[in-house]
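One-based numbering, in listed order, for ligands and for the atoms of each. Computed over heavy atoms, backbone and side chain alike; hydrogens, waters and symmetry mates excluded.
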Amino acid sequence: MSFAEGILNGKSAIVTGGATGIGSYIVRRLGTLGASVGIVSRKEENLIAAVKAFKEQDGIDVVWRTGDVRDPDGIKKSFDEVVGEIGGLDILVCNAAGNFICPTEDLSWNGWRTVIEIDLNGTFNCCQAALEYLKASQDGGRIISISTTQADFGWPGAAHAGAAKSGIQNLMKTLAAEWGQYGIRANWISPGPIEGTEGVDRLIIQQGLGEEVKKNIPLGTFGEGDDIANAVVYLSSDTGKYVSGAGLAVDGATQWFRKR
Ligand code: NAP
């Protein structure tokens, strides 16, 4: 199943954290449907390996720069350079995030602050860095933040990530309201557990929660990276042009967190 060939021809996109996991599926989908894509994250070795794989496996040329979303000046510089190479910016996917499981009573200030800085402040920094380019986008710029279905509920063991992702969702609503005048749409996608990702491996499988989580997914399986990538394409292309300030859950109706 896919979208019409070339549906994103002429579009340019940046995906933060696009070298690994869900981000890499998003990059593949955007790139193979015609967009020029750049990726930004911290580890150069992962960026280089991913760009090689995108070329060899998918036949797409992806531009990369290192950058830490916590650093507003650094991320602006990385975005400026990427935009220079991909020829503008129509689609910003704020996918970079960090998380670890820790009961709140044991959570240090540094642990709390680090996740808030990467997830919430990082998303803010990326949106600010992209604004001038998104304003110039011909068909209206798109911001798509990757949240989580768990942000809508309490998240025992991940207070920092839950608070940050909830904050991101509210930020998208505010940007939709403030930047709609520039034609910019700001939305978020809430993935459920996506198989084969760092998130599921570390936060679910390694915690011994794999079977429990699966039992409580009404559709009975973990999601796939392409499920999220397809939702990004919908929101990035003409198909999603009247959607702004909205969240799209792509989670198989996951409810396990409510039952714990
Ligand atoms: P992942 O592979 O660990 O992806 C996270 C990416 O973010 C990495 O490429 C990482 O690269 C980058 N990153 C982390 N900190 C950064 C920073 N300070 N500056 C720049 N880049 C940074 O994890 P994933 O599981 O695919 O998650 C991707 C997104 O989906 C996240 O927003 C996550 O919250 C969300 N999500 C995932 C699931 C799931 O089932 N996996 C479920 C719900 C939501 P570097 O370390 O090289 O910087």
Side-chain angles (χ1 to χ4, degrees), residues 14-28 38-51 53 62 64-72 74-79 82 92-101 113-126 129 144-153 155 158 160-169 172 188-207 209-210 213-214 217 221-229 231-232 247-252 254 256-257:
I14 289 179
V15 182
T16 65
T20 65
I22 290 174
S24 67
Y25 286 89
I26 296 170
V27 170
R28 287 198 161 90
I39 56 176
V40 179
S41 54
R42 293 167 302 177
K43 299 188 191 93
E44 187 170 319
E45 67 274 20
N46 287 355
L47 288 158
I48 291 171
V51 165
V62 172
W64 65 274
R65 286 292 183 284
T66 54
D68 188 327
V69 294
R70 293 172 290 187
D71 168 15
I75 212 71
K76 176 77 180 126
K77 184 169 178 292
S78 303
F79 276 25
V82 170
L92 169 66
V93 183
C94 298
N95 166 78
N99 193 10
F100 60 92
I101 296 296
R113 189 185 57 184
T114 300
V115 172
I116 297 288
E117 279 183 352
I118 298 173
D119 295 20
L120 180 56
N121 299 351
T123 299
F124 169 79
N125 291 335
C126 291
I144 299 149
S145 289
I146 308 301
S147 180
T148 169
T149 203
Q150 286 158 269
D152 299 330
F153 305 90
W155 192 354
H160 41 16
K165 294 292 195 181
S166 292
I168 288 169
Q169 294 182 185
M172 292 303 102
W188 72 92
I189 293 167
S190 293
I194 303 302
E195 69 183 359
T197 61
E198 167 78 10
V200 161
D201 289 346
R202 200 163 40 81
L203 303 179
I204 296 177
I205 308 286
Q206 287 173 29
Q207 307 295 318
L209 294 171
V213 171
K214 249 187 204 169
I217 301 172
T221 57
F222 290 141
E224 297 173 1
D226 277 341
D227 294 325
I228 308 307
V232 170
L248 179 54
V250 182
D251 71 344
T254 300
W256 71 277
F257 45 87

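The single protein non-hydrogen atom nearest to atom 13 (N) of ligand 1 is Ala96 CB, 3.8 Å, given as residue, atom name and distance. For atom 31 (C) of ligand 1, the closest heavy atom belonging to the protein is Asn95 O, 3.2 Å. Considering only non-hydrogen protein atoms, atom 41 (N) of ligand 1 sits nearest to Thr197 OG1, 2.7 Å. In terms of protein heavy-atom proximity, atom 26 (O) of ligand 1 is nearest to Ile22 N, 2.8 Å. Nearest non-hydrogen protein atom to atom 12 (C) of ligand 1 is Gly17 CA, 3.8 Å. Looking at atom 34 (O) of ligand 1, its nearest protein heavy atom turns out to be Lys165 NZ, 3.0 Å. Atom 8 (C) of ligand 1 has as its closest protein heavy atom Thr20 OG1, 3.2 Å. Among protein heavy atoms, atom 18 (N) of ligand 1 sits closest to Asp68 OD1, 2.8 Å.
Less than 4.0 angstrom separates some heavy atom of Gly199 from each of these atoms of ligand 1: 25 (O), 41 (N). Applying the 4.0 Å criterion to heavy atoms of Ala97 picks out, from ligand 1, the atoms 5 (C), 7 (O), 14 (C), 31 (C), 32 (O), 34 (O). Less than 4.0 angstrom separates some heavy atom of Val200 from each of these atoms of ligand 1: 40 (O), 41 (N). Atoms of ligand 1 lying under 4.0 Å from any heavy atom of Ile194, numbered from 1 in the order shown and given with element: 39 (C), 40 (O). Set against the non-hydrogen atoms of Arg70, the atoms of ligand 1 under 4.0 Å away are 18 (N). Each of the atoms 2 (O), 26 (O) of ligand 1 lies under 4.0 Å from some heavy atom of Gly21. Taking every non-hydrogen atom of Thr148 and a distance limit under 4.0 Å, the qualifying atoms of ligand 1 come out as 43 (C), 44 (C).
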Item to complete: Walk me through it: do Arg42 and Arg70 pass the test side chain to side chain contact (heavy atoms under 4.5 Å, CB included)?
Response: CA-CA 11 Å; Arg42 293 167 302 177; Arg70 293 172 290 187; 3.5 Å; yes
Check the pair Asn99 / His160 against side chain to side chain contact (heavy atoms under 4.5 Å, CB included), numbers first and verdict last. CA-CA 8 Å; Asn99 193 10; His160 41 16; 3.2 Å; yes
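Ligand 1 lies out of reach of Gly18, whose nearest heavy atom is not under 4.0 Å from it. Within the 4.0 Å heavy-atom cutoff, Ile146 counts among the residues contacting ligand 1. A heavy-atom separation below 4.0 Å is found between Ser147 and ligand 1. Using a 4.0 Å heavy-atom cutoff, Gln150 is absent from the residues neighbouring ligand 1. Remark: distances from the non-hydrogen atoms of Gly67 to ligand 1 include one below 4.0 Å. Assignment of Pro193 to the shell around ligand 1 is supported, since a heavy atom sits closer than 4.0 Å.
Nearest heavy-atom pair, Val200 versus Ile194, reported as atom, atom and distance to 0.1 Å: CG2-O, 3.1 Å. Minimum interatomic distance between Ser78 and Gly67 (heavy atoms only, all atoms of both residues): OG-CA, 3.9 Å. Between Asp119 and Gly98, the closest heavy-atom pair is OD1-N, 2.9 Å. Scanning both residues, Gly167 and Leu120, for their nearest heavy atoms gives C-CD1, 3.6 Å. Across every non-hydrogen atom of Thr16 and Cys126, the tightest pair is CG2-SG, 3.8 Å. The minimum heavy-atom distance between Leu248 and Ala231, with the atom names listed, is CD2-CB, 3.8 Å.
Shown here is Glu44, whose CD atom has no more than 12 heavy atoms of other residues, nucleotides or ligands within 6.0 Å.
Where the criterion is an N or O separation shorter than 3.5 Å, residue side chain and backbone included, Val69 meets it with respect to ligand 1. Geometrically, ligand 1 and Pro191 share no nitrogen or oxygen pair separated by less than 3.5 Å.
Side-chain atoms of Phe222 and Asp227, non-hydrogen and from C-beta on, never get closer than 4.5 Å to each other.
At least one donor-acceptor pair under 3.5 Å links the side chain of Thr148 to the backbone N or O of Gln150. Side-chain atoms of Asn95 do not come within 3.5 Å of backbone N or O of Ile146 as any donor-acceptor pair. The backbone N or O of Gly38 lies less than 3.5 Å from no partner atom in the side chain of Arg65, so there is not a single donor-acceptor pair. Between the Thr254 side chain and the Ile217 main chain, no donor and acceptor come within less than 3.5 Å of each other.
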